[in-house]
Structure formats: C-alpha cells, structure tokens
Amino acid sequence: MQTALRTSLPETELASRANFAPHARVVREERAAQTSGLPLSIRGLRKSFGDNEVLRGIDLHIPAGQFVAIVGKSGCGKSTLLRLIAGLDKIDAGTISFGSDVQPEDIRVMFQEPRLLPWAHVLANVEVGLGRDRSSADAHARAEKALTEVGLADKRDQWPSVLSGGQKQRVALGRALVSRPRVLAFDEPLGALDALTRISMQRLLERVWRDQGFTAILVTHDVSEAVALADRVLVIEEGRIAHDVVVNAARPRERGSAELAGLEGSILSHLLSADDRT
Amino acid sequence: MSLIDSISLPRRVRLPRADGLVQWIVPLAIIAIWQLACVTGFVPTRVLPAPSDVALAGWKLLLSGELARNIWVSFWRASIGFLIGGSIGFAFGLANGLSQLSAKLTDTTLQMVRNVPHLALIPLVILWFGIDESAKLFLVALGVFFPIYLNTLHGIRTVDPQLIEMGRIYGMSDGELFRRVIFPGALPSIFVGIRFALGIMWLTLIVAETIAASSGLGYMAMQAREFMLIDVVVLSILIYALLGKLADSASRVLERATLSWHPAFQKR
C-alpha cells in the first residue's frame, strides 16, 4: 500500500539533488550516495479516524536534506502527519512520494519513548535498526559505529534499564541512524527529557543531521526547539498547514539569540491567536 | 550523621554467604523446638514423633533402598506430568495469545474446564486408567496445564504494543518479532506460571499417590499409616516440603539466568 503510493517523481528528484548540495559537504560515508536525504512531496493528504477528520488536505514539498519542524497544538494532526510519512498508518486520500525508490531502511522514526528492548543489551538494541541487514557480517561493527556517533560506545554491554532517560533516547537515535536513513522522522523525541538533557540532545540531533544529510522531520510542541533546529517551521492548525516559516539563522545557532527569540515569539503568537479564535 | 551511620551499618557488615544461611534459621529453630517438646514429653510421641526418630526412620528406609526408590518414582511422575501438561499449556498459551481465531475457538472451553477442580476427576480417572502410571501423569499434567496456559497467554497479551510496533517498523518478520520481542516480553509472566505450576504439581501428585498408587512417596505415607508408623508419615511430609523447596529454587535459578535484564533480578 505504502510503496504503491510512493511513486517516483524524477523532476522533483533532480530539483532536490541541487538543493541537497550545501548539506553534502560533511558526507564521509562510503555509502555516500545512499545516505543523502530524500525529497518529499505530499499532495492533498487526508486522514480521518472515524468521524474525526484529522488532516484536511496537506500539500507540502520538502527538499532533500531539509530540517523541517512541525508545530501545533495537541490534536492538530502533527503526529498523524508524521505517522503517515513514516508509513505507520494508512492514507485515506492523497499521496506521499519520495524522490526515488525507497527501501524500508531509508525511512526511520524516533518516538517520544525510546522503545528499547529491555532484554537486549545496548549494542543489540542498535543492531535492531539495521533492518534486513541485522544478520550481516558487519552488523556489530556498524552498530558500534552508530553507538559511537551518539557518544555511548562505553555502554554497549549495558542493559537499557540502567541508562538514564537521555541515554536511552540516544540509544534510540543510534538505532534509527544505524541503517543510514534518508528520511528521519522525530515524534517529540525530547518531550520526556529534562531541560538540560534536552539541549544537549538538540545539539546531538543537529550534529548528526549535518553529518549525514538526511531529511529531518521533527514534530514538537516546543517552539523554541523548532526554531533552534529547523530550516523551516510548519504550523499546523485544524488539519491544514497554517504557516510555513523559513528560519534563516546561521548554524551553529546561538540559543536565546534575539533573532530566534523573535521568530519564536511570532510563531507562538500565531498559535495562541488561533487559540483565542476557537 | 552518626544516626545514618548506625542505620546503614548492619547492611554493610552482612556477608553474602550468611545471606544464604539466614533463610534456614526459622526451619532449623522449628525443628529444635519440636525436638525439645518431644524429649520433655510435652508432645506425646504417639501424636508427633521427635525429629530424631523421623531421621532414624529415614535412615532405615534409605538403607533398605525403599526411600530412594519411592522418591525417584514420585520425582519421575512429577517431572513427566509437568513436562506434558506444561508443554500443552504453553502451546495453547502461545496459540491463543498470538491468534485471535485460536483464542475464540478454545479459550471459552479451557476456562470452563479450568473451573472444575482437577482433583474432583480422581474417581473418573481411576475408572479410566485404573491405578496405573498414566492416571497420575494425567492428573499432574491437567493440574499443571492451567497456570502455565493462563500466564503464558497473559504474558503474550501484555507485551508492550509500542515495542511490537517498533519491531514492525524495523522490518522484523513474524518469527523474528516473536523471538526478539514477544517471547522475551512474556517470559517473566511465564515464570510466574511455572512457579505456580510446580506447587500444583506436588499437590496433585501426592493426592493421587495417596489415593491410588502402588509406589511413590504418597504410597509410602499411606502404607505407614496402615501400620501406624507415624515417623514414616512425618518423614514423607518433610520430604515433600524439601522437594517443593528444591523445585522452587530450580525455577529461581532459571529465572535469574534468563531474566538478568529485568531490574528486579539485577544485583544491587
């Protein structure tokens, strides 16, 4: 069902290759061609649960390698949009297409809960992320590399239960990264973390995104997080994209800078004014 | 500061080896009091023989080879019955936990059968099997079936759906999902079933052997009652207690080995 909908659109792919160029500078993988991000085109996307129409026609193009944040009030449909992009739920109407043929390993999701297997050591949990390559000869080495990238190489033989919340989320990130995905969807991955851990995780997310050049889609309720990380912030209201805000601030971004704070304020006022109307 | 020190002190000086011995203090104390009560004549030996007399009777039976033979027979019946009933219970638990169709077909029937006390079937079982080995195995297997069935089913149904979704996202096949996610997730519950089942296993076997058998511990106890050998009766009861403890310890060892990931089983 999902694969049928992800039809190939050569012209968008060409366009996106050009867009991707600035991000490609840090590609250091031998699988460089495969690690580059995928563009994403969404046309007329609708989704209902029973009588409740959650998404009422989303049209969106995300160039390859872009970091997009999706914000909105709870229940606005932002998580549903992410689940549809990740292929977790069925689409009612419309299409989601990626620039080329996608393998299951190309699209990964990270949730608010780490969802680690408690009975598997940290390294084995990361290996889960390899998908069909789990039993390949270099599975160990690749998992260890991903674990090093998230800074937890020394925890490889620990049980998840002894890790802190932030460490568990880093293992989950390692698991999502190990297959070198081309699209990484984040469903409020930092929502359950304390403020300081959040900031260091945001830095880690930004670093791996810059290193690997995947297309990142981050659903968050934290507007300051959205403007700190994303190239572009989408505000969803009542199942539609209400605002599409470009964040031009140079990276690495300084948290709390006037530019970001101003942007955050204007997005927040959008969200709150929508609140007043209803 | 000094108060905190004095509170935490006992924990610090406790030796790991002493920990293992502590659990035996109460049983040993009971035996000592019992011996004392018998020697002083507080309890007449017609009612309850002294532990020393029980030990002596055990020693005699051990020399004649009768004790070892009866223990072995009972142990064999218990294990085979447990294996048969346990595997069937486990298989039904898996099937009904994983397949809605299977659960719809069999669960209601199994729940009805479960509410019949299996020992109530003894007269019927004797009519069917006589006092043959199969009668005892049937009863033990039936008794063991339900705790293992129920807990396996419960374990599988309560595996975190978020983990199952995660497994699916990461492209696990059905077999892999079972092996990596569902079975390990159900294991703690399965162990609860096993420990319940071990208790029921001994209970069933002893009742069955007491009523209809020509060998085994229950039979030994009944024979001794015929001849008023109260020391042998008490000996049989004590052996049951020890065997029960042994089975429980074995399942604990297994639990520790397979559930080392579980916070409850990690060494603090």
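When reading the values below, keep in mind they use all heavy atoms of this one structure, side chains included, and skip hydrogens, waters and symmetry mates. Just so it is clear: chains get the letters A, B, ... in the order the sequence lines come, proteins before strands, and each one is counted from 1. Everything quoted here is computed from the prediction, not taken from an experiment.
Evaluation of the ring-ring contact (aromatic ring centres under 6.0 Å, His included) rule for F138(B) yields F129(B) as partners, not counting sequence neighbours.
Ring geometry, F186(A) versus F214(A): the interplanar angle falls from 30° to 60°, so the pair is classed tilted. Note: F90(B) and F183(B) have perpendicular aromatic rings, judged against thresholds of 30 and 60 degrees for the angle between ring planes.
Heavy atoms of R175(A) lying under 4.5 Å from chain B belong to its backbone as well as its side chain. Neither the backbone nor the side chain of P104(A) comes within less than 4.5 Å of any heavy atom in chain B. In this structure, the portions of S260(B) lying under 4.5 Å from any heavy atom of chain A include both its backbone and its side chain. Proximity to chain A (any heavy atom under 4.5 Å) is shown, for R180(B), by both the backbone and the side chain. Using a 4.5 Å cut-off between heavy atoms, L130(A) makes no contact with chain B at all.
With respect to chain B, the highest number of heavy-atom pairs below 4.5 Å among S161(A), G131(A), A120(A), A124(A) belongs to S161(A). The candidate with the highest count of non-hydrogen atom pairs below 4.5 Å against chain A, out of P184(B), S173(B), G171(B), G185(B), is P184(B). Per-residue counts of heavy-atom pairs under 4.5 Å with chain A were compared for M172(B), H262(B), R168(B); the largest is that of M172(B).
Between the side chains of Q111(B) and R114(B), at least one donor N or O sits under 3.5 Å from an acceptor N or O.
Closest heavy-atom contact between P189(A) and V219(A): CD-O, 4.3 Å.
Salt bridge present: R142(A) and D133(A) bring a charged side-chain N and a carboxylate O closer than 4.0 Å.
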